[in-house]
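Lettering follows sequence order; numbering is per chain, from 1. Computed over heavy atoms, backbone and side chain alike; hydrogens, waters and symmetry mates excluded.
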Number of protein chains: 2
Amino acid sequence: MNKTVVKALELLQLFTTYEQLTLQEIVQLTKLPKTSVFRMVQSLMTTGFLKKEGEAYELGLSLLQFGCLVTERLDVRKVALPIMKQLREETNEAVNLVVKDGDEAIYVEKVETSEPVRVYTRVGRRAPLYAGACPRVLLTFMSIEEQKKYLDRVELIPITSKTIVNREELKNLINEAKKKGYTVSHSELADYSSAVAVPIFNHEGKVVAGLSVVGPENRFQSSYIEQLVPKLKHKAGQISKALGFIGGKDVEL
Amino acid sequence: MNKTVVKALELLQLFTTYEQLTLQEIVQLTKLPKTSVFRMVQSLMTTGFLKKEGEAYELGLSLLQFGCLVTERLDVRKVALPIMKQLREETNEAVNLVVKDGDEAIYVEKVETSEPVRVYTRVGRRAPLYAGACPRVLLTFMSIEEQKKYLDRVELIPITSKTIVNREELKNLINEAKKKGYTVSHSELADYSSAVAVPIFNHEGKVVAGLSVVGPENRFQSSYIEQLVPKLKHKAGQISKALGFIGGKDVEL
DNA sequence: AATATTAATTCCGATATTCGGAACAAAAGG
DNA sequence: CCTTTTGTTCCGAATATCGGAATTAATATT
């Protein structure tokens with residue numbers, strides 16, 4: 001492995017939290033010697049990953065290009081987007097699409113609602129697989145071995161006061177969700193926001209994404225969730241089908 | 001500067017042209033020793049910039065997050081987008097927003113038309129400042145010294161058969177455009193596509209972006225362009241104003 | 001105006017890190 | 001079963017990185 005490269009890219013990661021940083025600030029945050037930081041920043045600048053805006057450094061425009069390319073190349077997203085828009089029309093709620101990346105879930109597409117009270121999720125946001133409806137639906141429907149390994153390995157860190165941190169409770173929820181074919185979460189990732197999520201499968205029958213409807217907790221009572229689930233399952237089924245998925249006991253095609 | 005970091009990031013740049021690459025292919029393209037490529041790829045993977053998809057490597061999902069952050073943080077884009085949509089409604093043509101990044105122009109936002117014949121531009125695309133209406137409008141309205149330096153330094157490489165490669169011709173076009181307050185191009189960046197572009201200024205009176213209307217060459221006759229120009233100028237003026245621009249002989253506010 | 005303070009940049013010798021050839025392993029193809 | 005191709009590990013040599021210290025630049029203070 002290449003230590004310097006990793007360090008430089010970790011340095012770049014700082015800019016996901018901070019919009020602008022001076023050299024000084026980077027030194028403080030990374031605790032690396034100033035000269036080293038300086039060198040790395042220079043390197044990141046020549047490649048367009050960072051740029052200097054007056055005093056401070058910012059993310060460079062190269063990243064724009066990369067981001068767009070990744071988006072375009074994600075085919076789940078391509079087929080899901082129009083269907084997500086339909087779902088938004090039917091439910092008038094925000095719809096999210098999440099894919100798995102290592103031990104995390106990443107929000108790759110969203111369709112917003114016109115409701116005045118909204119839950120704002122940023123595309124590119126990451127969340128652990130155990131928290132939130134959409135991430136957990138990925139965890140629920142992954143292969144048994146992979147799931148077991150993950151559950152043994154993962155440390156359950158609370159994000160909000162309602163994040164599930166008890167391993168047994170999590171396992172129960174997963175098993176239940178597997179039977180029902182959907183997951184529900186209340187304020188696990190952000191306070192006062194709830195979500196219902198269903199899995200999307202590819203041609204191999206593997207979960208490749210989670211589709212969810214998100215909204216304010218007070219609106220998401222069980223009677224309302226029951227109305228949402230068949231709609232979600234229907235749309236997720238359409239997306240799965242478009243990806244070449246054929247079987248599926250849990251999915252109504 | 002940090003040689004390894006730069007090399008690794010240049011390696012990553014390969015993936016803007018190729019969607020997938022095996023280790024072998026990267027070795028051939030970069031002409032670097034296999035072991036070095038291997039190491040760099042490993043480093044890029046641990047940081048999520050690359051991922052292995054079966055045989056080959058692809059851009060990782062980290063880049064999605066970075067791309068979205070850059071987009072969100074670009075405030076020209078934020079204020080321009082709604083106005084661009086209005087312009088699309090008024091003209092029923094595709095509208096592009098371009099900013100300067102070093103010696104290049106980058107497309108940062110687009111609004112597409114419903115016309116059957118379209119010109120497709122990808123967000124994140126780069127173009128030299130001398131070619132195409134929108135890039136050249138940035139060149140036209142940058143500071144005199146900067147412009148002079150650029151013109152002395154730049155090598156004019158043809159992109160299509162109609163790309164301007166004669167320095168004198170380019171200078172004349174720039175001077176003319178400066179008087180008129182807009183730039184026109186025909187098939188300079190892509191065959192059969194034309195564009196009209198106007199500048200957007202910030203609070204300091206510096207050009208920060210170019211706004212253009214793009215369409216198929218046959219539709220962009222001079223009579224039609226004359227209709228477009230006032231509309232473009234009006235909208236660009238609105239955006240400039242929103243960015244704090246006050247003066248402006250060339251802009252009708 | 002002179003001085004103090006803070007941050008950015010350059011220098012340079014020590015050394016840890018990267019380099020890259022070669023050997024090895026694994027998988028694919030004949 | 002052997003050959004070929006691609007991916008991965010090893011290890012000594014070399015060089016690129018490291019980081020302290022000095023220098024420069026910019027800003028604040030007396």
task: May I ask you to say what Met40(B) touches in the nucleic acid, namely base, sugar-phosphate or nothing, with a heavy-atom cut-off under 4.0 Å?
output: nothing
N/O (side chain, Ser36(B)) to phosphate O (OP1/OP2, dG20(C)) under 4.0 Å: yes
- prompt: Between Leu32(A) (CG) and dT17(C) (P), how many Å, whole number?
  reply: 13 Å
message: So if I apply the side-chain contact (heavy atoms from CB on, under 4.5 Å) rule between Leu64(A) and each of Leu69(B), Val108(B), Asp101(B), Val99(B), which one comes out positive?
response: Val108(B)
query: Can any side-chain N or O of Thr163(A) pair as donor or acceptor with the backbone N or O of Pro158(A) at less than 3.5 Å?
result: no
query: What is the distance from CD of Glu55(B) to C1' of dA27(C), rounded to the nearest Å?
result: 9 Å
task: State, yes or no, whether a side-chain contact exists between Leu129(B) and Glu104(B) at a heavy-atom distance under 4.5 Å.
output: no
message: What is the first contacted nucleotide of DNA chain D and what is the last, in 5' to 3' order, if contact means an atom lying under 4.0 angstrom from a heavy atom of chain B?
response: dT6(D) to dC18(D)
message: Quick check against the 3.5 Å criterion: does Ser212(B) have a side-chain atom that pairs as donor or acceptor with the backbone of Ala133(B)?
response: no
field: Arg73(B) side chain vs Cys68(B) backbone, donor-acceptor pair below 3.5 Å
entry: no
- request: Could you check Lys52(B) against Met1(B) and say which one's nearest nucleotide on DNA chain D is further toward the 5' end?
  value: Lys52(B)
message: So does Met1(B) get a backbone contact from the side chain of Arg39(A), meaning a donor-acceptor N/O pair under 3.5 Å?
response: no
message: Can you measure Gln24(A) atom CD to dA8(C) atom P for me and round it to whole angstrom units?
response: 6 Å
Integer-rounded Å distance: dT18(C) P and Lys7(B) NZ: 11 Å
query: Of Thr4(A) and Lys34(A), whose closest DNA chain D nucleotide lies nearer the 5' terminus?
result: Thr4(A)
- line: Ranking Lys3(A) and Tyr57(A) by the position along DNA chain C of their nearest nucleotide, the one closer to 5' is Tyr57(A)
message: Could you tell me how far apart Phe38(B) (CZ) and dG21(C) (P) are, to the nearest whole angstrom?
response: 17 Å
- prompt: Quick check, are the ring centers of Phe49(A) and Phe66(A) under 6.0 angstrom apart?
  reply: yes
statement: Between Gln42(A) and Pro33(B), the residue closer to the 5' end of DNA chain C by nearest nucleotide is Gln42(A)
